[in-house]
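Read the structure below first, then the notes.
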Amino acid sequence: MSADRDVTRIVRSWLHEDAHEDADRVLDMVLDLVDMTPQRRASWLARRTPTMNNYARLGLVAAAVLAVVIVGIGLFGRSPDVGPTTSPTPSSASASNPLVGTWVAPEVTCAQQVAVIEAAGYTAEQITQARAQLVQDLEGFGASHGPEAFFDPTCENIAYEPRWAPVRDTDQWSLVFDGLPLAATIRSAREIDHDLEPSPHNYRLVDDSTFEYGSHNGKVWEYCLTLRYSIVGDQLTIERIAPSCTGTADASLLDQIAETAILETSSFTRQP
Amino acid sequence: MDLDLVELAQNGDKAAFTSLAAAMADRFLAASHRILRDLSLAEDATQQALLNIWRDLPQLRDPARFEAWSYRLFVRACYAEASRARRSAPNLRLLAADEPIAIDALGTVIDRDQLERGFRRLSIDHRTVVVLHHYLDLPLEAVAEMLGVPLGTVASRLHYAMRDLRSALDADARSTSREVAQ
(Lines give C-alpha, C1' and ligand atoms only; values in the text may rest on other atoms or scores of the structure.)
Protein backbone atom coordinates (compact mmCIF):
# COMPACT_ATOMS: atom_id res chain seq x y z
CA MET A 1 0.00 0.00 0.00
CA SER A 2 1.11 3.51 -0.65
CA ALA A 3 1.08 4.22 3.06
CA ASP A 4 4.39 2.41 3.01
CA ARG A 5 5.61 3.98 -0.16
CA ASP A 6 7.68 7.02 -0.42
CA VAL A 7 5.23 8.85 -2.63
CA THR A 8 7.37 11.93 -2.73
CA ARG A 9 10.33 9.98 -4.03
CA ILE A 10 8.21 8.27 -6.65
CA VAL A 11 6.72 11.53 -7.86
CA ARG A 12 10.10 13.23 -7.97
CA SER A 13 11.59 10.37 -9.90
CA TRP A 14 8.71 10.44 -12.35
CA LEU A 15 8.98 14.19 -12.87
CA HIS A 16 12.71 13.97 -13.51
CA GLU A 17 12.40 11.44 -16.29
CA ASP A 18 13.73 12.84 -19.53
CA ALA A 19 10.90 14.35 -21.56
CA HIS A 20 12.99 15.32 -24.57
CA GLU A 21 12.16 19.01 -24.72
CA ASP A 22 14.10 21.29 -27.01
CA ALA A 23 13.82 24.94 -26.07
CA ASP A 24 15.97 26.28 -28.90
CA ARG A 25 13.08 26.55 -31.33
CA VAL A 26 10.94 28.36 -28.78
CA LEU A 27 13.77 30.71 -27.94
CA ASP A 28 14.33 31.53 -31.61
CA MET A 29 10.67 32.41 -32.03
CA VAL A 30 10.70 34.59 -28.94
CA LEU A 31 13.74 36.52 -30.06
CA ASP A 32 12.12 37.11 -33.44
CA LEU A 33 9.00 38.43 -31.74
CA VAL A 34 10.92 40.62 -29.32
CA ASP A 35 11.89 42.83 -32.21
CA MET A 36 8.22 43.56 -32.79
CA THR A 37 7.22 43.85 -29.14
CA PRO A 38 7.60 47.22 -27.44
CA GLN A 39 8.30 47.26 -23.74
CA ARG A 40 5.79 48.73 -21.32
CA ARG A 41 7.27 51.57 -19.36
CA ALA A 42 6.93 51.56 -15.60
CA SER A 43 3.86 53.37 -14.37
CA TRP A 44 4.18 52.58 -10.67
CA LEU A 45 6.87 55.17 -10.19
CA ALA A 46 4.40 57.93 -10.69
CA ARG A 47 1.60 56.70 -8.53
CA ARG A 48 3.09 55.47 -5.30
CA THR A 49 5.97 55.85 -2.95
CA PRO A 50 8.06 53.08 -1.41
CA THR A 51 6.96 53.98 2.08
CA MET A 52 3.57 52.48 1.36
CA ASN A 53 5.22 49.07 1.58
CA ASN A 54 5.14 49.29 5.33
CA TYR A 55 1.40 49.46 5.50
CA ALA A 56 0.63 46.04 6.78
CA ARG A 57 -2.36 43.98 5.97
CA LEU A 58 -3.42 41.66 8.68
CA GLY A 59 -6.18 40.21 6.58
CA LEU A 60 -3.76 38.52 4.24
CA VAL A 61 -1.88 37.24 7.23
CA ALA A 62 -5.05 35.73 8.53
CA ALA A 63 -5.40 33.91 5.23
CA ALA A 64 -1.96 32.51 5.83
CA VAL A 65 -3.01 31.59 9.32
CA LEU A 66 -6.04 29.76 8.06
CA ALA A 67 -4.12 27.94 5.39
CA VAL A 68 -1.44 26.98 7.87
CA VAL A 69 -4.02 25.78 10.32
CA ILE A 70 -5.62 23.65 7.67
CA VAL A 71 -2.33 22.28 6.43
CA GLY A 72 -1.14 21.78 9.95
CA ILE A 73 -4.14 19.65 10.64
CA GLY A 74 -3.59 17.81 7.41
CA LEU A 75 0.14 17.27 7.78
CA PHE A 76 0.52 16.90 11.47
CA GLY A 77 -2.98 15.84 12.31
CA ARG A 78 -3.69 13.47 15.11
CA SER A 79 -5.15 10.78 12.92
CA PRO A 80 -3.48 10.64 9.51
CA ASP A 81 -5.19 7.43 8.48
CA VAL A 82 -8.73 8.14 9.41
CA GLY A 83 -9.91 7.70 5.88
CA PRO A 84 -11.95 10.01 3.75
CA THR A 85 -13.68 12.89 5.39
CA THR A 86 -17.23 12.18 6.28
CA SER A 87 -19.93 14.69 6.64
CA PRO A 88 -21.56 15.39 9.92
CA THR A 89 -25.23 14.74 10.15
CA PRO A 90 -26.97 17.07 7.73
CA SER A 91 -29.28 19.56 9.24
CA SER A 92 -32.76 19.82 7.93
CA ALA A 93 -32.48 23.55 8.45
CA SER A 94 -29.91 23.65 5.69
CA ALA A 95 -32.38 22.72 3.01
CA SER A 96 -33.35 26.35 2.75
CA ASN A 97 -30.19 27.73 4.18
CA PRO A 98 -30.17 31.48 3.69
CA LEU A 99 -26.41 31.50 4.17
CA VAL A 100 -25.78 29.83 0.84
CA GLY A 101 -24.21 32.23 -1.57
CA THR A 102 -21.35 34.66 -1.76
CA TRP A 103 -20.90 37.42 0.78
CA VAL A 104 -18.38 40.21 0.49
CA ALA A 105 -17.12 42.53 3.21
CA PRO A 106 -16.00 46.09 2.69
CA GLU A 107 -12.31 46.68 2.27
CA VAL A 108 -10.51 47.04 5.58
CA THR A 109 -7.09 48.18 6.61
CA CYS A 110 -4.75 46.28 8.86
CA ALA A 111 -5.40 48.73 11.66
CA GLN A 112 -9.14 48.22 11.34
CA GLN A 113 -8.76 44.47 11.59
CA VAL A 114 -6.51 44.73 14.59
CA ALA A 115 -9.13 46.98 16.16
CA VAL A 116 -11.76 44.30 15.54
CA ILE A 117 -9.58 41.67 17.16
CA GLU A 118 -8.96 43.85 20.14
CA ALA A 119 -12.63 44.77 20.38
CA ALA A 120 -13.38 41.06 20.59
CA GLY A 121 -11.35 40.98 23.77
CA TYR A 122 -7.93 39.97 22.59
CA THR A 123 -4.92 41.92 23.75
CA ALA A 124 -1.88 42.91 21.77
CA GLU A 125 0.00 40.42 23.89
CA GLN A 126 -2.32 37.61 22.81
CA ILE A 127 -2.00 38.65 19.19
CA THR A 128 1.75 38.50 19.60
CA GLN A 129 1.42 35.13 21.27
CA ALA A 130 -0.61 33.86 18.33
CA ARG A 131 2.05 35.18 16.01
CA ALA A 132 4.70 33.23 17.90
CA GLN A 133 2.61 30.10 17.47
CA LEU A 134 2.24 30.76 13.80
CA VAL A 135 5.94 31.28 13.34
CA GLN A 136 6.56 28.01 15.16
CA ASP A 137 4.10 26.25 12.89
CA LEU A 138 5.72 27.76 9.83
CA GLU A 139 9.10 26.55 10.96
CA GLY A 140 7.57 23.11 11.00
CA PHE A 141 7.14 23.49 7.27
CA GLY A 142 10.76 24.45 6.84
CA ALA A 143 9.97 28.13 6.54
CA SER A 144 12.45 30.67 7.72
CA HIS A 145 10.19 33.66 8.27
CA GLY A 146 11.32 35.59 11.24
CA PRO A 147 9.01 36.51 14.06
CA GLU A 148 8.46 39.86 12.42
CA ALA A 149 6.70 38.34 9.48
CA PHE A 150 3.18 37.71 10.67
CA PHE A 151 0.44 38.93 12.90
CA ASP A 152 2.05 42.12 13.98
CA PRO A 153 -0.40 44.10 16.11
CA THR A 154 1.45 47.27 15.20
CA CYS A 155 0.79 46.73 11.49
CA GLU A 156 4.34 47.77 10.78
CA ASN A 157 6.13 44.56 10.00
CA ILE A 158 3.69 42.24 8.37
CA ALA A 159 5.44 41.28 5.20
CA TYR A 160 3.62 39.13 2.81
CA GLU A 161 3.57 40.71 -0.55
CA PRO A 162 5.61 40.22 -3.63
CA ARG A 163 7.79 43.27 -3.89
CA TRP A 164 7.04 43.72 -7.55
CA ALA A 165 3.30 43.81 -7.10
CA PRO A 166 1.34 47.00 -6.75
CA VAL A 167 0.75 47.64 -3.09
CA ARG A 168 -2.69 47.96 -1.62
CA ASP A 169 -3.26 49.08 1.88
CA THR A 170 -6.54 47.25 2.36
CA ASP A 171 -7.85 43.75 2.28
CA GLN A 172 -11.23 42.44 1.46
CA TRP A 173 -12.81 39.24 2.65
CA SER A 174 -15.49 37.21 1.07
CA LEU A 175 -17.32 34.18 2.33
CA VAL A 176 -18.69 31.55 0.05
CA PHE A 177 -21.17 29.13 1.47
CA ASP A 178 -21.36 26.89 -1.50
CA GLY A 179 -22.72 23.58 -0.40
CA LEU A 180 -25.69 22.03 1.21
CA PRO A 181 -25.51 21.30 4.00
CA LEU A 182 -21.73 21.52 4.30
CA ALA A 183 -18.60 22.58 2.49
CA ALA A 184 -18.47 26.29 3.03
CA THR A 185 -15.45 27.96 1.62
CA ILE A 186 -13.85 31.07 2.93
CA ARG A 187 -11.97 33.12 0.46
CA SER A 188 -9.74 36.12 0.75
CA ALA A 189 -10.02 38.41 -2.21
CA ARG A 190 -7.51 41.04 -3.11
CA GLU A 191 -7.33 43.25 -6.12
CA ILE A 192 -3.83 42.11 -6.95
CA ASP A 193 -4.16 38.46 -5.99
CA HIS A 194 -7.18 36.89 -7.49
CA ASP A 195 -5.46 33.55 -7.41
CA LEU A 196 -5.36 33.27 -3.66
CA GLU A 197 -6.27 29.76 -2.76
CA PRO A 198 -9.64 29.47 -1.08
CA SER A 199 -9.24 27.96 2.35
CA PRO A 200 -11.82 25.22 2.63
CA HIS A 201 -13.65 24.79 5.87
CA ASN A 202 -16.84 23.09 6.72
CA TYR A 203 -19.79 24.60 8.40
CA ARG A 204 -22.63 22.89 10.12
CA LEU A 205 -25.90 24.55 10.87
CA VAL A 206 -27.01 24.24 14.44
CA ASP A 207 -30.20 26.24 14.18
CA ASP A 208 -31.55 29.22 12.33
CA SER A 209 -29.09 31.60 13.88
CA THR A 210 -26.06 29.52 14.76
CA PHE A 211 -23.51 27.54 12.86
CA GLU A 212 -20.34 25.71 13.70
CA TYR A 213 -17.34 26.40 11.64
CA GLY A 214 -14.29 24.21 11.44
CA SER A 215 -12.56 21.21 9.96
CA HIS A 216 -13.70 17.67 10.33
CA ASN A 217 -11.23 14.80 10.16
CA GLY A 218 -13.77 12.09 9.65
CA LYS A 219 -14.35 11.52 13.33
CA VAL A 220 -14.46 14.79 15.20
CA TRP A 221 -14.38 18.48 14.61
CA GLU A 222 -10.76 19.35 15.23
CA TYR A 223 -10.79 23.05 14.70
CA CYS A 224 -14.02 24.58 15.62
CA LEU A 225 -15.85 27.70 16.64
CA THR A 226 -19.52 28.34 17.23
CA LEU A 227 -20.86 31.44 15.59
CA ARG A 228 -24.11 33.32 15.57
CA TYR A 229 -25.22 34.81 12.32
CA SER A 230 -27.85 37.27 11.41
CA ILE A 231 -29.16 38.15 7.98
CA VAL A 232 -31.01 41.39 7.53
CA GLY A 233 -31.86 42.23 3.97
CA ASP A 234 -28.67 41.57 2.05
CA GLN A 235 -26.43 42.01 5.07
CA LEU A 236 -24.82 39.16 7.00
CA THR A 237 -23.20 39.70 10.37
CA ILE A 238 -21.34 37.05 12.30
CA GLU A 239 -20.38 36.90 15.92
CA ARG A 240 -18.41 34.24 17.74
CA ILE A 241 -20.30 32.91 20.72
CA ALA A 242 -18.12 29.97 21.73
CA PRO A 243 -14.50 29.03 21.09
CA SER A 244 -15.39 25.43 20.32
CA CYS A 245 -18.04 23.25 18.76
CA THR A 246 -20.27 20.76 20.43
CA GLY A 247 -18.17 18.17 22.17
CA THR A 248 -14.81 19.60 21.22
CA ALA A 249 -12.10 21.40 23.08
CA ASP A 250 -11.59 25.10 22.58
CA ALA A 251 -9.95 26.15 19.36
CA SER A 252 -6.42 27.45 19.76
CA LEU A 253 -5.82 31.11 20.36
CA LEU A 254 -4.30 31.35 16.91
CA ASP A 255 -7.40 29.88 15.31
CA GLN A 256 -9.71 32.08 17.32
CA ILE A 257 -7.88 35.24 16.41
CA ALA A 258 -7.65 34.31 12.77
CA GLU A 259 -11.35 33.64 12.61
CA THR A 260 -12.14 36.84 14.41
CA ALA A 261 -10.05 38.79 11.94
CA ILE A 262 -12.14 37.43 9.10
CA LEU A 263 -15.60 36.65 10.30
CA GLU A 264 -16.18 39.55 12.63
CA THR A 265 -14.49 42.22 10.60
CA SER A 266 -17.71 43.73 9.47
CA SER A 267 -20.99 42.87 7.92
CA PHE A 268 -20.99 41.06 4.61
CA THR A 269 -23.13 42.00 1.68
CA ARG A 270 -24.74 39.30 -0.43
CA GLN A 271 -23.49 39.19 -3.97
CA PRO A 272 -25.81 38.41 -6.83
CA MET B 1 20.93 35.89 -12.08
CA ASP B 2 23.10 38.71 -13.36
CA LEU B 3 21.57 41.96 -12.12
CA ASP B 4 23.41 43.95 -14.76
CA LEU B 5 21.75 41.91 -17.45
CA VAL B 6 18.36 42.49 -15.86
CA GLU B 7 18.89 46.23 -15.68
CA LEU B 8 20.16 46.38 -19.22
CA ALA B 9 17.17 44.39 -20.44
CA GLN B 10 14.87 46.68 -18.48
CA ASN B 11 16.25 49.49 -20.56
CA GLY B 12 15.56 47.72 -23.82
CA ASP B 13 18.88 45.96 -24.40
CA LYS B 14 17.88 42.99 -26.53
CA ALA B 15 21.25 41.27 -26.26
CA ALA B 16 20.94 41.29 -22.50
CA PHE B 17 17.42 39.90 -22.72
CA THR B 18 18.63 37.20 -25.09
CA SER B 19 21.06 36.04 -22.43
CA LEU B 20 18.37 36.05 -19.78
CA ALA B 21 15.88 34.25 -22.00
CA ALA B 22 18.40 31.60 -22.98
CA ALA B 23 19.01 30.89 -19.32
CA MET B 24 15.29 30.57 -18.61
CA ALA B 25 13.92 28.82 -21.67
CA ASP B 26 15.03 25.29 -20.86
CA ARG B 27 13.66 25.40 -17.35
CA PHE B 28 10.43 27.05 -18.42
CA LEU B 29 9.79 24.53 -21.16
CA ALA B 30 10.59 21.55 -18.97
CA ALA B 31 8.47 22.83 -16.11
CA SER B 32 5.54 23.84 -18.28
CA HIS B 33 5.61 20.48 -20.05
CA ARG B 34 5.26 18.80 -16.69
CA ILE B 35 2.53 21.14 -15.50
CA LEU B 36 0.47 21.13 -18.68
CA ARG B 37 1.27 17.55 -19.76
CA ASP B 38 1.37 18.64 -23.39
CA LEU B 39 4.51 19.74 -25.23
CA SER B 40 2.70 22.00 -27.67
CA LEU B 41 0.94 23.85 -24.87
CA ALA B 42 4.21 24.02 -22.97
CA GLU B 43 5.97 25.61 -25.92
CA ASP B 44 3.24 28.19 -26.23
CA ALA B 45 3.35 28.93 -22.51
CA THR B 46 7.11 29.29 -22.55
CA GLN B 47 7.01 31.58 -25.55
CA GLN B 48 4.31 33.76 -24.04
CA ALA B 49 6.05 33.90 -20.67
CA LEU B 50 9.33 35.06 -22.21
CA LEU B 51 7.57 37.65 -24.33
CA ASN B 52 5.64 38.95 -21.33
CA ILE B 53 8.86 39.17 -19.36
CA TRP B 54 10.41 41.27 -22.10
CA ARG B 55 7.34 43.46 -22.40
CA ASP B 56 6.85 44.08 -18.67
CA LEU B 57 10.44 44.11 -17.53
CA PRO B 58 10.60 47.90 -17.16
CA GLN B 59 7.81 47.61 -14.59
CA LEU B 60 9.88 45.39 -12.28
CA ARG B 61 10.71 47.62 -9.36
CA ASP B 62 13.50 45.59 -7.82
CA PRO B 63 15.83 43.84 -10.29
CA ALA B 64 16.96 41.54 -7.49
CA ARG B 65 13.47 40.04 -7.59
CA PHE B 66 13.77 39.18 -11.25
CA GLU B 67 13.81 35.42 -10.84
CA ALA B 68 10.72 35.24 -8.65
CA TRP B 69 8.94 37.80 -10.80
CA SER B 70 9.75 35.97 -14.02
CA TYR B 71 8.52 32.70 -12.58
CA ARG B 72 5.28 34.38 -11.68
CA LEU B 73 4.76 35.50 -15.25
CA PHE B 74 5.70 32.00 -16.34
CA VAL B 75 3.11 30.43 -14.07
CA ARG B 76 0.47 32.86 -15.33
CA ALA B 77 1.31 31.87 -18.88
CA CYS B 78 0.86 28.22 -17.94
CA TYR B 79 -2.50 29.02 -16.37
CA ALA B 80 -3.54 30.88 -19.50
CA GLU B 81 -2.55 27.97 -21.72
CA ALA B 82 -4.38 25.51 -19.51
CA SER B 83 -7.47 27.69 -19.66
CA ARG B 84 -7.20 28.07 -23.41
CA ALA B 85 -6.80 24.33 -23.83
CA ARG B 86 -9.86 23.67 -21.74
CA ARG B 87 -11.92 26.05 -23.85
CA SER B 88 -10.79 24.64 -27.16
CA ALA B 89 -10.64 20.98 -26.23
CA PRO B 90 -12.81 19.92 -23.34
CA ASN B 91 -10.99 16.63 -23.06
CA LEU B 92 -7.28 16.99 -23.33
CA ARG B 93 -5.59 14.27 -25.26
CA LEU B 94 -3.98 11.79 -22.96
CA LEU B 95 -0.35 11.17 -23.68
CA ALA B 96 0.42 7.58 -24.42
CA ALA B 97 2.47 6.00 -21.73
CA ASP B 98 5.07 3.93 -23.51
CA GLU B 99 6.16 2.02 -20.48
CA PRO B 100 3.47 2.04 -17.83
CA ILE B 101 5.55 0.02 -15.45
CA ALA B 102 9.14 0.94 -14.82
CA ILE B 103 11.75 0.55 -12.17
CA ASP B 104 13.35 3.74 -10.94
CA ALA B 105 16.96 4.09 -9.87
CA LEU B 106 16.05 3.20 -6.32
CA GLY B 107 14.18 0.09 -7.29
CA THR B 108 10.68 1.44 -6.90
CA VAL B 109 8.03 0.22 -9.23
CA ILE B 110 6.48 3.25 -10.83
CA ASP B 111 3.24 3.03 -12.64
CA ARG B 112 3.66 5.95 -14.98
CA ASP B 113 0.21 5.63 -16.41
CA GLN B 114 -1.36 5.77 -12.97
CA LEU B 115 0.75 8.74 -12.01
CA GLU B 116 -0.09 10.46 -15.27
CA ARG B 117 -3.79 10.03 -14.70
CA GLY B 118 -3.53 11.08 -11.10
CA PHE B 119 -1.50 14.11 -11.98
CA ARG B 120 -3.93 15.17 -14.71
CA ARG B 121 -6.74 15.08 -12.21
CA LEU B 122 -4.98 17.67 -10.09
CA SER B 123 -5.92 21.30 -10.50
CA ILE B 124 -3.50 23.54 -12.30
CA ASP B 125 -2.74 25.20 -8.95
CA HIS B 126 -1.75 21.91 -7.42
CA ARG B 127 0.24 20.71 -10.40
CA THR B 128 2.18 23.93 -10.44
CA VAL B 129 3.21 23.67 -6.83
CA VAL B 130 4.25 20.04 -7.24
CA VAL B 131 6.40 20.84 -10.26
CA LEU B 132 7.97 23.97 -8.83
CA HIS B 133 8.81 22.21 -5.59
CA HIS B 134 9.55 18.64 -6.60
CA TYR B 135 10.92 19.20 -10.08
CA LEU B 136 12.62 22.58 -9.90
CA ASP B 137 13.54 21.96 -6.26
CA LEU B 138 12.35 25.39 -5.20
CA PRO B 139 11.69 25.79 -1.48
CA LEU B 140 8.09 26.40 -0.53
CA GLU B 141 8.87 29.95 0.50
CA ALA B 142 10.18 30.71 -2.96
CA VAL B 143 7.15 29.07 -4.54
CA ALA B 144 4.87 31.19 -2.37
CA GLU B 145 6.65 34.33 -3.42
CA MET B 146 6.55 33.36 -7.08
CA LEU B 147 2.87 32.58 -6.95
CA GLY B 148 2.09 35.60 -4.80
CA VAL B 149 0.21 33.53 -2.27
CA PRO B 150 0.86 32.84 1.40
CA LEU B 151 3.24 30.09 2.37
CA GLY B 152 0.44 28.22 4.06
CA THR B 153 -1.49 28.18 0.81
CA VAL B 154 1.45 26.64 -1.00
CA ALA B 155 1.92 24.06 1.73
CA SER B 156 -1.79 23.31 1.57
CA ARG B 157 -1.73 22.87 -2.20
CA LEU B 158 1.28 20.58 -2.00
CA HIS B 159 -0.25 18.55 0.78
CA TYR B 160 -3.50 17.97 -1.05
CA ALA B 161 -1.75 17.29 -4.35
CA MET B 162 0.50 14.66 -2.81
CA ARG B 163 -2.43 13.18 -0.97
CA ASP B 164 -4.30 12.83 -4.25
CA LEU B 165 -1.30 11.31 -5.99
CA ARG B 166 -0.95 8.89 -3.11
CA SER B 167 -4.62 8.03 -3.55
CA ALA B 168 -4.02 7.42 -7.25
CA LEU B 169 -1.24 5.00 -6.40
CA ASP B 170 -3.38 3.43 -3.71
CA ALA B 171 -6.15 2.85 -6.20
CA ASP B 172 -3.68 1.15 -8.46
CA ALA B 173 -2.41 -1.02 -5.63
CA ARG B 174 -5.94 -2.03 -4.68
CA SER B 175 -6.75 -2.80 -8.29
CA THR B 176 -3.64 -4.94 -8.60
CA SER B 177 -4.45 -6.74 -5.36
CA ARG B 178 -7.93 -7.55 -6.61
CA GLU B 179 -6.56 -8.88 -9.87
CA VAL B 180 -4.10 -11.06 -8.01
CA ALA B 181 -6.84 -12.32 -5.72
CA GLN B 182 -8.98 -13.26 -8.68
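All heavy atoms count here, side chains included; hydrogens, waters and symmetry mates do not. In what follows, every chain begins at residue 1, and chains take the letters A, B, ... in the order their sequences are listed.
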Worksheet item: Hey, what do you get for CE (B:Met162) to CD1 (A:Ile10), rounding to the nearest 0.5 Å?
Response: 9.0 Å

Worksheet entry | Value rounded to 0.5 Å, distance of CG in A:Leu15 from CD1 in B:Ile35 | 10.0 Å

Worksheet item: So which part of A:Leu33 gets closer than 4.5 Å to some heavy atom of chain B, the side chain, the backbone, both or neither?
Response: both

Discussion item. Testing the basics here: between B:Glu43 and A:Arg25, what is the closest heavy-atom pair and its distance to 0.1 Å?
Written reply: OE1-NH2, 2.6 Å

Discussion item. Report which part of B:Phe119 has an atom under 4.5 Å of a heavy atom belonging to chain A: side chain, backbone, both, or neither.
Written reply: side chain

Discussion item. To the closest 0.5 Å, what do you measure between CG (A:Leu31) and CG (B:Leu51)?
Written reply: 9.0 Å

Discussion item. I'd like to know if B:Arg34 and A:Glu21 make a salt bridge, using a cut-off of under 4.0 Å between side-chain N and carboxylate O.
Written reply: yes

Fill in: Residue B:Val130 versus chain A: region with a heavy atom under 4.5 Å
both

Worksheet entry | From CE (A:Met29) to CG (B:Leu50), nearest 0.5 Å | 11.5 Å

Discussion item. Nearest 0.5 Å, please: how far is CG in A:Leu27 from OG1 in B:Thr18?
Written reply: 7.5 Å

Fill in: Backbone of B:Tyr135 reached by a side-chain donor or acceptor of A:His16 within 3.5 Å
yes

Response to the item:
Residue set satisfying salt bridge (Lys or Arg N to Asp or Glu O under 4.0 Å) with A:Asp32, at least two apart, ordered chain then number -> none

Response to the item:
CD (B:Gln47) and CG (A:Asp28) are apart, to the nearest 0.5 Å, by 11.0 Å

Item to complete: Check B:Asn11 against A:Gln39 and note the closest heavy-atom contact, atom names and distance.
Response: C-OE1, 4.1 Å

Fill in: Shortest non-hydrogen contact from B:Asp26 toward A:Ala23
OD1-CB, 3.1 Å

Fill in: Which portion of A:Asp22 sits near chain B, non-hydrogen atoms under 4.5 angstrom
backbone

